[in-house]
Amino acid sequence: MSIIPESRQAAAPAGVVTRLRRWLAGLLSSIPFQAVCAALIGGVAPALIRENYERVADKLVSYDNSIIGTLLAALIGFMLYRKISVLPGTRTLMRVLPSFLISYALILAIFMMWRFDYSRYQFAASFAMVTTWFALIAIITPRLERWTIALVRSNRSTRMIDISWIRWISVTDPSQIPEDTAVALAADFSDPTLSPEWEATLAREVLNGRTVLNAKPLHESLSGRVQMDHLSENTFGHLSPDNLYAIAKQYIDMAVAAAALIFLLPALLVIGLMVRFDSPGPALFRQQRVGYRGRPFTVYKFRTMRVHANTSLGADITAADDDRITIVGNFLRKSRLDELPQMLNILRGEMSWIGPRPEAMRLSNWYASEIPFYAYRHSVRPGISGWAQVQQGHVTSLTDVKEKLEFDFYYIKYFSVWMDLLIAAKTLKVMLSGQGAK
């Protein structure tokens, strides 16, 4: 949405209601306020409710342990929540549920391991109350004040306007900047056409207390994509992800895959039999794909298509409503259960639970010949789910691949445990809704 004021004088000062809404939005967003709410709602309130309304006293359960445990779980969940909140696409429940599920599960695991007495009802009440409160904050705050940004128009900043949940004020002259300093100002600092007059104006606006943002990293944070202008230190900060976390992640992935494989083995056998009965052919689909650091490997999936003899490049691309997909295969694709055999690839160190999806060898070679820097996506282990999958879904054209690559580059640039937690939460939503499946 583009709004161009006729003049700087046309901007009216903020009214009382507007100032009140901003104050309330600022209060709900402040770290101290949210931390206090986490402690009171997650730790203190459930204890008071239990004390006043519990009809039969539970003498076997320690009240002190339950209060300390719920308080720790709420505060740890709040810290995770703040970490995940800085990532793009993290609104409402997508940033609340994973944070507090992890923290409460961690505290409960410690309690069970050390055999501490605790109240399950108090923990359940605490979790329900604190997640509901933070979900309400995430829903209400954007409605109190829609983020408004005055954008200095240039050829490279016009793509920002496509982000519709921001109110954009397009300015081409310093006189068009709104007087209200609460409105942020964004400009492409690397734009060679940015005039000395604009540079002086941006510096003056900073001194006046206005937030001035660089358009390029702002676009990354809002869209979750890294624009592929050129591969450079300025674009990516560094050309390899966090090696320390990458090493730890590999061992965690393998341990979780080993446990999941044992636990899910009966279900995997049932799915395999369903695939065999649905159409002639093997239960598993095997294909050569490009993996970590460009090394080829064999990926395993449940077969979701009828066996065919087509060996052309187009056969590697699944179109929308592809008639080769079987009845069982359609369900497996929508639920993402067809990816479960890739736990074997994780155990072999070829894949991760989360990372850019591995492409077929022929497709990867074709993409690399058409798209500069495509091979950079191989700097981390490919995953069963990834940032591009939960944001974009399935791709069917070269244009989609370029957009997918921007999501992959964003994941590599901001490679961290927080990014993986967010993707895990979004993957669960995709599995339940079938979003993006082909």
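All figures in this text were calculated on a predicted structure; none of them were measured in a lab.
Between the side chain of Thr70 and the backbone N or O of Ser66 there is at least one donor-acceptor pair closer than 3.5 Å. The backbone N or O of Ser175 lies less than 3.5 Å from a partner atom in the side chain of Asp173, making a donor-acceptor pair. The backbone N or O of Gly26 sits nowhere less than 3.5 Å from a side-chain atom of Ser29 that would complete a donor-acceptor pair. Arg289 places no side-chain N or O within 3.5 Å of a backbone atom of Phe297 that could act as its donor or acceptor partner. A distance-only check finds no donor-acceptor pair linking the side chain of Arg357 to the backbone of Pro382 [under 3.5 Å]. For the pair Gln389 (side chain) and Ser385 (backbone), a donor-acceptor distance under 3.5 Å is absent. Side-chain atoms of Thr181 never come within 3.5 Å of backbone atoms of Gly209 as a donor-acceptor pair (strictly under, hydrogens ignored).
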| query | Can you list the steps and then say if Arg225 with Gln391 is a side chain to side chain donor-acceptor pair (under 3.5 Å)? | reply | CA-CA 10 Å; Arg225 295 159 56 183; Gln391 292 292 101; over 6 Å; no
| message | Evaluate Trp387 against Asp408 for side chain to side chain contact (heavy atoms under 4.5 Å, CB included), listing each step before the verdict. | response | CA-CA 7 Å; Trp387 183 238; Asp408 288 338; 5.7 Å; no
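Here the options are Ile177, Leu151, Thr148, the test is side chain to side chain contact (heavy atoms under 4.5 Å, CB included), and the partner is Ile169; only Thr148 passes. The one candidate from Phe100, Tyr104, Trp133 that meets the ring pair (Phe, Tyr, Trp, His ring centres under 6.0 Å) condition with Phe127 is Tyr104. Tested against Leu80 for a side chain to side chain contact (heavy atoms under 4.5 Å, CB included), the candidates Ile102, Leu101, Leu106 yield a single pass: Ile102.
In this structure, CZ in Arg21 is found 9.0 Å from CG in Leu24, a value given to the nearest 0.5 Å. Annotation: the span from Glu205 atom CD to Leu185 atom CG amounts to 6.5 Å, rounded to 0.5 Å. With rounding to the nearest 0.5 angstrom, the OH atom of Tyr374 is 4.5 Å from the OG atom of Ser364.
Classified by interplanar angle (parallel below 30°, tilted 30° to 60°, perpendicular above 60°), the ring pair Tyr414/Tyr410 is tilted. Ring geometry for Tyr376 versus Phe409: interplanar angle over 60°, hence perpendicular rather than tilted (30 to 60°).
Partners of Arg348 by side chain to side chain donor-acceptor pair (under 3.5 Å), not counting sequence neighbours, listed by chain and number: Tyr300, Glu350. By the side-chain contact (heavy atoms from CB on, under 4.5 Å) test, Phe111 is found to be paired with Asn65, Ile107, Phe116, Tyr118, Phe123, residues two or more places apart in sequence or in another chain being considered.
No more than 12 heavy atoms of other residues, nucleotides or ligands shown are found within 6.0 angstrom of CD1 on Ile327.
A salt bridge does not link Asp338 to Arg333: none of the charged nitrogens lies less than 4.0 Å from a carboxylate oxygen.
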